[in-house]
Amino acid sequence: MAKNAEIARALKELALLVEIEGKEKYAARAYKRAVRSITSLGEDIEAVANREELESIPGIGKGISKKIRRYLETGSIPLLERLRARIPVKVMVLDSIPGVGPKTIALLYHELGVTDLDSLEKAARDGKIALLKGMGKKTETQIIEGIDLVRSGLDRTLLADAMSVVETIRQKIQNVDGVNQVVIAGSYRRRRETVGDLDFLVDADDPELVMEAFSTLDNVQDVLVKGPTKTAVRLKSSLQMDLRVIPTESFGAGLQYFTGSVDHNVRLRGIARSMGLKLNEYGLYRDEELVAGEREEDIYESLGLAWITPELRENHGEIDAVKNGTLPHLVKLDDIRGDLHSHTDQSDGSNTIEEMLDAAAEREHEYFCVSDHTQSLTIANGMDEERLLERIEEIDTLNTSGKWDMMILKGAEVDILADGTLDITDDVLAQLDVVTVSVHSRMKDSKKVMTERVCTALENKHVHLLGHPTGRLIGKRAEFEIDLEPVFEVAKKNQVAMELNANPYRLDLNPGNLRAAINMDLKIAINTDAHKVSELDYMKFGIFQARRGWITKSDVLNTMALKDLQKWLKK
DNA sequence: GCCGTTTTCGGCCCGACTGTTTTCAGTCG
């Protein structure tokens, strides 16, 4: 579905440019709506176009469907090209700076000639932005910080986005004549939150055939490097992909070498040297003799180590742990028995409760918690107590209906207010099975205020989970200022579990925080926070992140059998 | 630019928050 992302991106840029021109704000709004629709389509838009059903997609009518067809035929949209020529500004990147939107971009362009990150940074550092009407010193500082944030995430792609394109490409390469195996190594294989480029390793009889197939893939924008065993391309989505062809007898060594991390590999090579061996991408050698190379496991075993799962290869103690036999048995997707955080169309979800339950049942969950937003989050149509009580009754009825072979748990994602109190009374909270509390407002509170605020919320005896504890959105919004150590202590005292939010933009807590949490014997709940049926599959990203945080099955709340979970929830 | 249908034209989600102002524009979700 690579075209979905490309088209969504083109329409988003179109929306921004139209908004910057300031003439047709409702057209811009329509483009944005189409972007959301395409992003959540769940089907290849090209297939929809081929069936001539583009206009059946919500938010897509005659005008936008024509633009989409034009893009599919020619790779561009005429109106977009005209606007780009008229407003030569890198609007997508400028818009990604927190606090900067179309109006600000227009102002900066017209008054200061700002067209990209560099010219924006210069204007900000020269103090010119604060002098503009409606701007000030704080805005200028915020922009400078925002530039750093954008720069730090600019050259990396979200793992989930990479994953959505990578399997199709892997299959295409796998189908080339004489290809024995294809593995994507690097940070992708280590399941980092974001990936820089993708490293394809191929064991093939005829390298040239593979190179040719790789460099002529559909979405290739540029071929950066093309040699006998290595090709590098940049896709239209700006994702860079490297391909290396490696002989069969060295494939395991190549895999080990190109999976990294660099620091992990440095340790391994040190161990090899101390044993009078030499390790490189072609194998493990004693003088000229190949000791190991074909299988990755053999490399580790020959170094006196057990094989280490890629998620742990960060040189964060995994090598010592495997030496001592203390490497944990990490949690697996199969271990998960349910999901404790999901939304429906009662708040800001897209699907009905029945649709969500059907989908959860398909995933063979033993229990499933419906936890819509509460009243303070008005924009998400959060529930007041009256609606929440109706929801509780509704779930009781659904549970007795026998329609789902699964316990439906009554929950809510309750807003933590400015003073740390909750926006639902204790009487109502007491009637819920699972109470998750989250921060959705005042995210710029000082560390002291935010920490106290969250700790206060966790002191409420009805609270079971702290949702997305740091509030970050990868590449979009930094974590809010919060001191997690006291939060963990209060959570421990009150038997509150930490959420590992599996949304690929959140993955919150991060691996370091997860390790800190389990070191204090806190439970972790790996939750999808699904806002629609398809997002229930986010669980796998939560599992990747959990494994990177050294989390075992027994650390995880939702690996428990229902009865044990219910006992835990009763505190 | 899309959409519904007591509307094929006229409205389009909307309230909180921030930083800038001194009543509000812009951004966010």
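Residue numbers begin at 1 in each chain, while the letters A, B, ... track the order of the sequences.
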Exercise for the section: Report the distance from atom NZ of Lys444(A) to atom C1' of dA16(B), rounded to the nearest whole Å. Expected result: 13 Å
Problem - Span that lies between the C1' atom of dT6(B) and that of dG1(B), in whole angstrom - result: 24 Å
Practice task
Kindly assign one of parallel, tilted or perpendicular to the pair Phe541(A) and Phe544(A), based on the angle between their ring planes and the thresholds 30° and 60°.
Solution key: perpendicular
Exercise for the section: Mind calculating the distance between CG (Asp445(A)) and C1' (dC17(B)) to the nearest angstrom? Expected result: 12 Å
Problem - Pair Leu500(A)-Gln545(A), side-chain contact (heavy atoms from CB on, under 4.5 Å): steps then yes or no - result: CA-CA 8 Å; Leu500(A) 162 49; Gln545(A) 186 81 335; 3.8 Å; yes
Exercise for the section: Would you mind reading off the distance between Ile129(A) atom CD1 and dG19(B) atom P, rounded to a whole angstrom? Expected result: 15 Å
Exercise for the section: Take atom C1' in dG15(B) and the same atom in dG10(B), then report the distance between them in whole Å. Expected result: 24 Å
Handout entry: Atom CD of Glu386(A): over 12 foreign heavy atoms under 6.0 Å
Key = no
Completion exercise
Contact string for nucleotides 20-29 of chain B, one letter per nucleotide 5' to 3', B = base within protein heavy-atom range under 4.0 Å, S = sugar-phosphate only, - = neither, reads S-----SSSB
Kindly give the atom pairs (protein nitrogen or oxygen, nucleotide nitrogen or oxygen) under 3.5 Å for nucleotides 1-4 of chain B.
| from | atom 1 | to | atom 2 | distance (Å) |
| --- | --- | --- | --- | --- |
| dC2(B) | OP1 | Gly61(A) | N | 2.6 |
| dC2(B) | OP1 | Gly61(A) | O | 3.2 |
| dC2(B) | OP1 | Gly63(A) | N | 3.4 |
| dC2(B) | OP1 | Ile64(A) | N | 3.0 |
| dC2(B) | OP2 | Gly63(A) | N | 3.1 |
| dC3(B) | OP1 | Gly59(A) | N | 2.9 |

Handout entry: dT7(B) and dC12(B), which share atom name C1', separated by this distance in whole Å
Key = 13 Å
Practice task
Could you give the distance separating dT27(B) and dC13(B) at their C1' atoms, to the nearest angstrom?
Solution key: 15 Å
Practice task
Describe, in one word, how the ring planes of His440(A) and His468(A) are oriented to each other, choosing from parallel (under 30°), tilted (30 to 60°) and perpendicular (over 60°).
Solution key: perpendicular
Exercise for the section: Return no unless some side-chain N or O of Arg29(A) is found under 4.0 Å from OP1 or OP2 of dG11(B). Expected result: no
Handout entry: Aromatic contact, His343(A) with His341(A) (centres under 6.0 Å)
Key = yes
Practice task
For the pair Asn351(A) (side chain) and Val533(A) (backbone), establish whether a donor and an acceptor sit closer than 3.5 Å, ignoring hydrogens and angles.
Solution key: yes
Exercise for the section: Without swapping roles, check the side chain of Ser65(A) against the backbone of Lys62(A) for a donor-acceptor pair under 3.5 Å. Expected result: yes
Practice task
Using the P atom on both, measure dC17(B) against dT22(B) and round to a whole Å.
Solution key: 23 Å
Practice task
Give a yes or no on this: more than 12 heavy atoms of other residues, nucleotides or ligands lie within 6.0 Å of atom CD of Glu485(A).
Solution key: no
Handout entry: Integer angstrom distance from the P of dT20(B) to that of dA25(B)
Key = 16 Å
Practice task
Identify the heavy atoms of Pro504(A) and Ile474(A) that sit nearest to each other, and give their distance.
Solution key: O-CD1, 3.6 Å
Fill in the blank from the handout: Under a 4.0 Å heavy-atom cutoff, the residues of residues 8-23 of chain A touching DNA chain B are none
